[in-house]
Amino acid sequence: MWVPALAEQPPVTLQHHNLCSHAILLAGKIRSNVASLLESYVERQGLDRTISLDSVEGVPGPAMEQGGELTVAVRLGANLQAYRALQTLLGEVLEEQGFHLTPLDMDFHASIQSILLQVAALAYQLEELLALLSHGRPAWEAAGPRPSQLV
């Protein structure tokens with residue numbers, strides 16, 4: 001889809017816009033998938049349904065509370081830190097579920113793994129946005145083509 005206002009912007013701005021759009025969509029997809037997975041797990045285990053996704057122990061909260069007090073780069077960095085912590089936590093959950101709690105529930109493990117991959121992809125996009133903000137182009141671009149571009 002061609003958008004005239006975006007077509008006139010410099011390539012870095014377009015790239016920034018595209019990365020932001022993809023990151024926002026992916027974050028929404030992750031939240032939806034985690035909510036569905038949590039609902040399914042709570043139902044299977046007969047746990048308390050009042051579990052909130054807004055605060056997870058061990059994962060820093062998003063940098064939205066301070067809003068205008070922080071620069072975009074600082075907010076992105078804080079959110080990157082939160083998603084990296086979530087990535088680590090999901091890895092631990094997957095290991096715990098696989099070995100101790102639900103060793104035979106392969107569909108559940110696959111769902112956790114899928115969300116883990118989505119979180120890793122989002123963290124990568126946030127890193128690219130940070131690089132773009134600080135250097136004008138993503139780190140992978142400065143280093144040469146991505147491995148997927150070499151095929």
### Query
Any donor and acceptor pair, going by atom type alone, linking the side chain of His100 with main-chain N or O of Glu96 inside 3.5 Å?
no
### Query
Nearest 0.5 Å, what's the OG-CG distance between Ser32 and Leu37?
11.0 Å
Show me the donor-acceptor pairs within less than 3.5 Å that the side chains of residues 85-94 make with the rest of the protein, sequence neighbours left out.
from  : atom 1 : to    : atom 2 : distance (Å)
Gln87 : OE1    : Arg84 : NH1    : 2.6
Thr88 : OG1    : Arg84 : O      : 3.2

### Query
Do Leu101 and Tyr41 have side-chain heavy atoms sitting under 4.5 Å apart?
yes
## Note on the structure
side-chain contact (heavy atoms from CB on, under 4.5 Å) filter on Glu39, not counting sequence neighbours, yields none
### Query
Which atoms form the tightest heavy-atom contact between Met106 and Pro103, and what is the distance?
SD-O, 4.0 Å
### Query
NE2 of His109: more than 12 outside heavy atoms within 6.0 angstrom?
yes
Would you give me the side-chain donor-acceptor pairs under 3.5 Å for residues 112-123, sequence neighbours excluded?
from   : atom 1 : to    : atom 2 : distance (Å)
Gln118 : OE1    : Asn33 : ND2    : 3.0

## Note on the structure
In terms of heavy-atom contacts, Leu130 and Ala73 come closest through CD2-O, 3.4 Å
### Message
Checking Thr50 now: which residues fulfil side-chain hydrogen bond (donor to acceptor under 3.5 Å, both in side chains) with it, not counting sequence neighbours?
### Response
Asp48
### Message
I need the full list of salt bridge (charged side-chain N to carboxylate O under 4.0 Å, His left out) pairs touching residues 13-27, with sequence neighbours left out, sorted by first then second residue.
### Response
none
### Task
Just jot down the side-chain contact (heavy atoms from CB on, under 4.5 Å) partners of Asp105, sequence neighbours excluded, or say none.
Arg44, Thr102, Asp107, Phe108
### Query
Taking only residues two or more places apart in sequence or in another chain, which ones pass side-chain contact (heavy atoms from CB on, under 4.5 Å) with Val72?
Arg75, Leu76, Leu133
### Query
Can you name the nearest heavy-atom pair linking Leu26 to Gln125, along with the distance?
CD2-OE1, 4.2 Å
